[in-house]
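Everything on this sheet refers to the single structure shown next.
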Amino acid sequence: MSKTFYLTTPIFYVNGAPHLGHAYTSVAADVLARFKRLDGFDVFFLTGTDEHGQKVEAAARAAGVEPQAFTDRVAADFADMARRMKISNDDFIRTTEARHKRACQAIWQKLMAAGAIYLGEYAGWYAVRDEAFYDEDELIAGKDGAKLAPTGAPVEWVVEPSYFFKLSAYQDKLLALYEEHPGFIAPAAKRNEVLAFVKSGLRDLSVSRTSFSWGIPVPGDPEHVMYVWLDALVNYLTAVGYPDEGDEKFRFWPADLHLVGKEIVRFHAVYWPAFLIAAGLPVPKKVFSHGWWTVEGEKMSKSLGNFIDPRPLVDEFGVDALRFFLLREVPFGGDGDFSRKALISRLNVELANDLGNLAQRTLSFIAKNADGVVPARGRLHEADLALLGMAGGLAEKVREAMERLAFNEALEEIWKVIRAANGYIDHQAPWALRKTDIERMNTVLRVLVETIRTIGFLLQPFMPGAMENLLTQVGVPAAARHFSDLETTLVDGAGLPAPSGVFPRYVEAA
RNA sequence: GGCGGCGUAGCUCAGCGGUAGAGCAGGGGAAUCAUAAUCCCUUGGUCGGUGGUUCAAAUCCGCCCGUCGCUACCA
């Protein structure tokens, strides 16, 4: 039985359309999921949509449709985006599904039974205009001394019944968790923030609402719906069959990795493990926070209206190039800037010139001068051994970087070999050997083919379509593309298909 | 205000105690198998400022400046 690997994207909130940020999280998770599958893991990869809450209820009303119809439409749009980005998720969960309602109510009852939830009163300064509560010390003074929200909205003292989760009781257990598993929150900067937050003291968390109804009813008290974050986080359990711990999918629990945007770290690194500990369930192994994209130097925002839909970019540049760009351009965990210019530059320089041209010059040379078959190799020279050595050690280097979610480092390692291969072909000059030493020429070509093959294997998770094409061109059978097949070499004299460019250069229309 | 990150070549960044590095951009040359792609050489930096520790500091410590983030219940 192979080792399991369970990873998730956040479930995306359906009060707006999918944009580049959603695509980014999904692509990163997908690359890792594909990598782990190729590396022999039994992978469960989950994504989906978060569909409850006041904002969705309001958005549906604004659109003039029932919440369910509204969420059906937006959820379908997210699923479409995932498909277009070639996301290989094993399941797509929606929080409005019956299986999820059942899981949420089950965990609620478990938390109640454990004494972790109690009925109390939520009191605070509420601004109707902002639909939000504010702390006393956040308030500002108005003209006549009236209390105002920081946004300038009038506030009133409101008391309403609410169920609370005893978050304060889990402070020490959380700190112990972070202490014992230093890798639980990554990158380290986020870990520090969470640590500081928890150390500063935790208050109990209001986990039910009575002010709106678009949510999962609290068992035994239907006036209340569950707080959307409790609802949302439980999706990770729902998908593996909770509360049926005997479900065949439940073997994936606990999750190996929750990939999240930096704005929701706290929910995943504080509330979620606290809920799980209280419910007597194992906690996930890692929460990794990635950064945000600006677009042409500006923050994506509603007011600027510059949200980017990734799908037109897929149409224009190809899904592989876009996926590559997102993980290549910036260290995972940090923020990045998306610009047409940078995308085109990566596409032309690294994909077309470096890799595409390397494959093309090698394969078309073989087609013209080596009978279009896998060339046999003779005695190896030092330069051959150097390049083969680099290629041979590549899988381990890439695996190590992927383990740290250092996607751009993994790609950099691969590109070092690509650059070395371009240097190698220039120095060995098979076009000169063609006239003087055919055996040596064949050896050089074979070394190149083997190197390209290794590169193709390792790039599969990043650019599945293009690498499927490339691996076919270097003669790797479709059924032999797991990383364990890397050790199997190509067969001398096996026919190769006619080569065709893998990454065409992008020429900006005049 | 408190806590934390960052500030290194024109740009994006790596290095984190032992004579300043990569990619891109710029300059020169070579080659011509290839998607006019490639390869080689090369210009370029008082490593934010300042004081200290050390035989030796981008690299450790203090202070200052700039910048970004966190500092709970919309998600």
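All of these numbers come straight from a predicted model, not from anything done at the bench. So you know, we letter chains A, B, ... as the sequences are listed, proteins then strands, and number each from 1. Computed from heavy atoms alone, side chains included, the values below leave out hydrogens, waters and symmetry copies.
Without hydrogens or angle criteria, A:T95 side chain to A:E51 main chain gives a donor-acceptor distance under 3.5 Å. A distance-only check finds no donor-acceptor pair linking the side chain of A:T238 to the backbone of A:A103 [under 3.5 Å].
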With both pairing distances under 3.5 angstrom for Watson-Crick or G-U wobble, and | for a partner in another strand, the correct string for RNA chain B is ((((((((.[[[[.)..(..]]]].(((((.......))))).....[[[[[..)....]]]]])))))))....
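Of the options A:W415, A:F407, A:F462, a ring-ring contact (aromatic ring centres under 6.0 Å, His included) to A:F324 is made by A:W415 and by none of the others.
Within 4.0 Å (heavy atoms only), A:Y13 reaches sugar-phosphate atoms of the nucleic acid but no base atom. At a threshold of 4.0 angstrom between heavy atoms, the contacts of A:Y227 are confined to the sugar-phosphate backbone, with no base atom among them. A:G334 comes within 4.0 angstrom of no nucleic acid atom, judged by non-hydrogen atoms across all strands. Using a 4.0 Å heavy-atom distance criterion, A:A189 is classed as making no nucleic acid contact. At the heavy-atom level, A:D335 lies nowhere under 4.0 Å from the strands shown. Nucleic acid contact class of A:V502 (heavy atoms, under 4.0 Å, all strands): base. No engagement by A:L358 is indicated, since no non-hydrogen atom pair under 4.0 Å with the nucleic acid exists. Residue contacts for A:G356: at a heavy-atom cut-off of 4.0 Å it reaches a base atom on one of the strands shown.
The aromatic rings of A:Y170 and A:F165 lie parallel to each other, their planes meeting at an angle below 30°, with 60° marking the opposite boundary. Taking the six-membered ring for Trp and thresholds of 30 and 60 degrees, A:Y506 and A:F317 have ring planes inclined between 30 and 60 degrees apart. Ring-plane geometry between A:F275 and A:W272 is classed as perpendicular, the angle between the planes exceeding 60 degrees on a 0 to 90 degree scale with a lower cut at 30. Using a 30° and 60° split on the angle between ring planes, A:F332 and A:H290 fall in the tilted class, from 30° to 60°. Using bins of under 30°, 30° to 60° and over 60° for the plane-to-plane angle, the ring pair A:Y122/A:F164 lands in the parallel bin. Using bins of under 30°, 30° to 60° and over 60° for the plane-to-plane angle, the ring pair A:W293/A:F338 lands in the perpendicular bin.
Spacing between B:C11 and B:G45 at atom C1', rounded to whole Å, works out to 14 Å. Here the separation of B:A22 from B:A14, taken at their P atoms, is 16 Å to the nearest Å. Between the C1' atoms of B:U19 and B:A30, the separation comes to 32 Å (whole Å). If you take atom P in B:C60 and the same atom in B:G15, they sit 12 Å apart, rounded to whole Å. Only the P atoms considered, B:G2 is 10 Å distant from B:C64, to the nearest whole Å. One C1' atom belongs to B:G28, the other to B:U43, and the distance between them is 10 Å to the nearest Å. Nucleotides B:U59 and B:C6, compared at atom C1', are 15 Å apart to the nearest Å. For the P atoms, the distance from B:C24 to B:U38 is 9 Å, rounded to whole Å.
Shown here, B:A58 is classed syn by the O4'-C1'-N9-C4 or O4'-C1'-N1-C2 angle, which is within 90° of 0.
Minimum atom distance to the side chain of A:R505 is reached by B:U35, of the listed B:U35, B:G69, B:A72. Picking from B:A37, B:G4, B:A72 the nucleotide with the shortest atom distance to the side chain of A:N353 gives B:A37.
Comparing A:L202 and A:E263 along RNA chain B, the residue whose closest nucleotide (by nearest heavy atom) sits nearer the 5' end is A:L202. Ranked by how close their nearest RNA chain B nucleotide is to the 5' end, A:F212 and A:L351 are led by A:L351.
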Go along nucleotides 22-34 of chain B 5' to 3' and tag each nucleotide: B for a protein heavy atom under 4.0 Å from its base, S when only backbone or sugar atoms are that close, - otherwise. ---------SSBB
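A side-chain donor-acceptor contact under 3.5 Å links A:S162 and A:S206.
Between A:I418 atom CD1 and B:U35 atom P the separation is 18 Å, expressed in whole Å. Atom C1' of nucleotide B:C73 and atom NE2 of A:H268 are separated by 16 Å, given to the nearest angstrom. A:N408 has its CG atom 9 Å from the P atom of B:A14, to the nearest Å. Residue A:W214 contributes atom CH2, which lies 16 Å from atom C1' of B:A75 at whole-angstrom precision. Nucleotide B:C73 holds its P atom 22 Å from the OH atom of A:Y170, rounded to whole Å. One atom, CG of A:L343, and another, P of B:U12, lie 18 Å apart when rounded to the nearest Å. Here B:C70 presents its P atom at 6 Å from NZ of A:K190, a figure rounded to the nearest Å. As a whole-Å value, the separation of A:E413 CD from B:A14 C1' is 12 Å.
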Would you mind writing out the side-chain donor-acceptor pairs for residues 8-20 of chain A within the sub-3.5 Å range, not counting sequence neighbours?
| from | atom 1 | to | atom 2 | distance (Å) |
| --- | --- | --- | --- | --- |
| A:T8 | OG1 | A:H258 | ND1 | 2.8 |
| A:T9 | OG1 | A:T47 | OG1 | 2.6 |
| A:Y13 | OH | A:H52 | O | 2.7 |
| A:H19 | ND1 | A:G21 | N | 2.9 |

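No more than 12 heavy atoms of other residues, nucleotides or ligands sit less than 6.0 Å from atom CD of A:E439.
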